[in-house]
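Written below as structure tokens is the structure these notes are about.
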Amino acid sequence: MNSLEHQLDYPLGDALPEPGRTLQIAPGVRWVRMSLPFALDHINLWLLRDEIDGRAGWTIVDCGITNDATRAAWEQVFADELDGLPVLRVIVTHMHPDHIGLAHWLTERWNCRMWISATDYNAARLASTSTTGFGGGSAASFMASHGLTDPESIAKIKARSNYYASMVPQVPERFRRLMGGDVIRIGPAGDKHDWVCHAGYGHAPEHMSLHCPLLGLLISGDMVLPRISTNVSVIDLEPEANPLPLYLASIERLRALPADTLVLPSHGKPFRGLHTRIDQLQAHHDERFADLMTACAEAPQSAADLLGVLFRRKLDLHQTTFAMGESIAHLNALWLAGKLERMLGSDGVYRFSPGR
Ligand SMILES: [Zn+2]
């Protein structure tokens, strides 16, 4: 949790949209909140009034997870909140299950196109159909090589081989590609606004945030969140990945946006204070780096050894796998910058220490 949250401004106060209802953020911009069956118990989705090919309707940004409760909540939104107009387009910020989960259902139900980065589209298709990668044995041996060796956790991770596919059973068969710098015109005829795509890296393969300069709004997706720090993890698919510098450079680029931008995050409440939040996130990771350097200077450490340094609370298995990914991300960043050395022990576990 962000102990400096009081430095941010929540212009809507504690107002939240009721389940199946929307809350207006700006003319033609509505906020939907769907529940999630995780510790992170909700996701924010956005409705933008639009017109495409001469048809009036709505663009949806992000979809929610695939389950009956989310489908039912969407049906209520369709019945009560769209002014009788159809959905014309589905924009997906990135390939994680809470964002892309129902894209296949939404695009089929409304016979419309999904817009997403090509990198995330392909990663989602692969993860949704793969029976070998993305969890299971490969994830278990990767975690074990970073010191998570207790048999109970390893058995549970091994058993979770179709975790992604269970939440994203299908991905639309066609898509329209989004790239950083693209400008999408969204709005009803005569009142269209530019929404600029900002590519972000380190959290997902190629995450798209959407900025509307005229309305002063940033749909930040998961790249900038007010209460929690964005998950930046190394996973078994790319063991030597270095996502943290990518993430930090991505949010640094968002500093070019005006300081009074109203940020619409995927989790938490709309807030002002984008530059302050970027400062907080950068300081947070600097502290983590310093803590890890101190611990590794005392004795060589594995990613699992460092969970107690990074996360001072009890973690369940789901949280432990995220935490391991984050621990490895910090270690890989220091290792690949030449600040730590990596040694493979005779027990098959990587440990990190400052070089000689
Ligand atoms: Zn995400």
Side-chain angles (χ1 to χ4, degrees), residues 1-2 32-46 60-67 70 90-104 106 114-128 134-135 139 160 163-168 171 175 178 180 197-210 218-238 241 243-244 246-251 254 263-270 277-278 281 284-285 318-326 328-329:
M1 287 294 163
N2 177 12
V32 183
R33 204 167 178 271
M34 298 277 189
S35 53
L36 292 176
F38 310 121
L40 182 61
D41 64 359
H42 70 279
I43 179 169
N44 300 321
L45 315 167
W46 313 99
I60 289 176
V61 182
D62 284 337
C63 306
I65 205 163
T66 297
N67 64 25
T70 311
V90 174
I91 295 176
V92 173
T93 56
H94 65 294
M95 52 92 62
H96 291 157
D98 41 340
H99 300 261
I100 201 174
L102 271 180
H104 66 101
L106 289 167
M114 172 174 74
W115 298 41
I116 186 173
S117 75
T119 322
D120 275 57
Y121 178 74
N122 288 303
R125 291 236 23 193
L126 190 64
S128 165
F134 301 98
R160 241 179 27 167
Y163 190 56
Y164 186 90
S166 71
M167 293 177 286
V168 189
V171 174
F175 74 108
L178 291 178
C197 294
H198 288 262
Y201 301 91
H203 172 67
E206 193 176 357
H207 180 295
M208 289 295 158
S209 302
L210 299 168
L218 173 69
I219 295 178
S220 64
D222 280 350
M223 289 300 287
V224 182
L225 302 171
R227 282 204 116 157
I228 53 173
S229 64
T230 297
N231 180 272
V232 178
S233 279
V234 176
I235 59 169
D236 57 290
L237 189 71
E238 192 188 352
L244 252 173
L246 294 177
Y247 173 73
L248 294 169
S250 298
I251 59 172
L254 294 177
V263 182
L264 308 182
S266 292
H267 310 283
K269 293 177 293 183
R277 187 59 183 135
I278 293 168
L281 288 163
H284 165 84
H285 288 293
H318 183 74
Q319 293 167 323
T320 299
T321 57
F322 274 113
M324 280 295 291
E326 294 223 10
I328 300 163

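Indexing begins at 1, ligand by ligand and atom by atom, following the structure's order.
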Next on the checklist: I'd like to check the side-chain contact (heavy atoms from CB on, under 4.5 Å) partners of T119; sequence neighbours left out, ordered by chain and number.
Outcome noted: S117, P205, E206

Checklist entry - Looking at residues at least two apart in the chain, or sitting in another chain, which of them share a side-chain contact (heavy atoms from CB on, under 4.5 Å) with P97? => result Y164, M167, V168

Next on the checklist: Is the ring pair H99/H94 parallel, tilted or perpendicular, if the boundaries are 30 and 60 degrees?
Outcome noted: tilted

Next on the checklist: Quick check: closest heavy atoms across A329 and V232, and the distance to 0.1 Å?
Outcome noted: CB-O, 3.4 Å

Item to check | Backbone of L225 reached by a side-chain donor or acceptor of H267 within 3.5 Å | outcome: no

Item to check | Test side-chain contact (heavy atoms from CB on, under 4.5 Å) applied to S250 - qualifying residues, sequence neighbours left out | outcome: Y201, M223, R253

Checklist entry - What are the protein N, O or S atoms, given as residue plus atom name, that sit under 2.8 Å from the Zn ion (ligand 1)? => result H94 NE2, H96 ND1, H203 NE2, D222 OD2

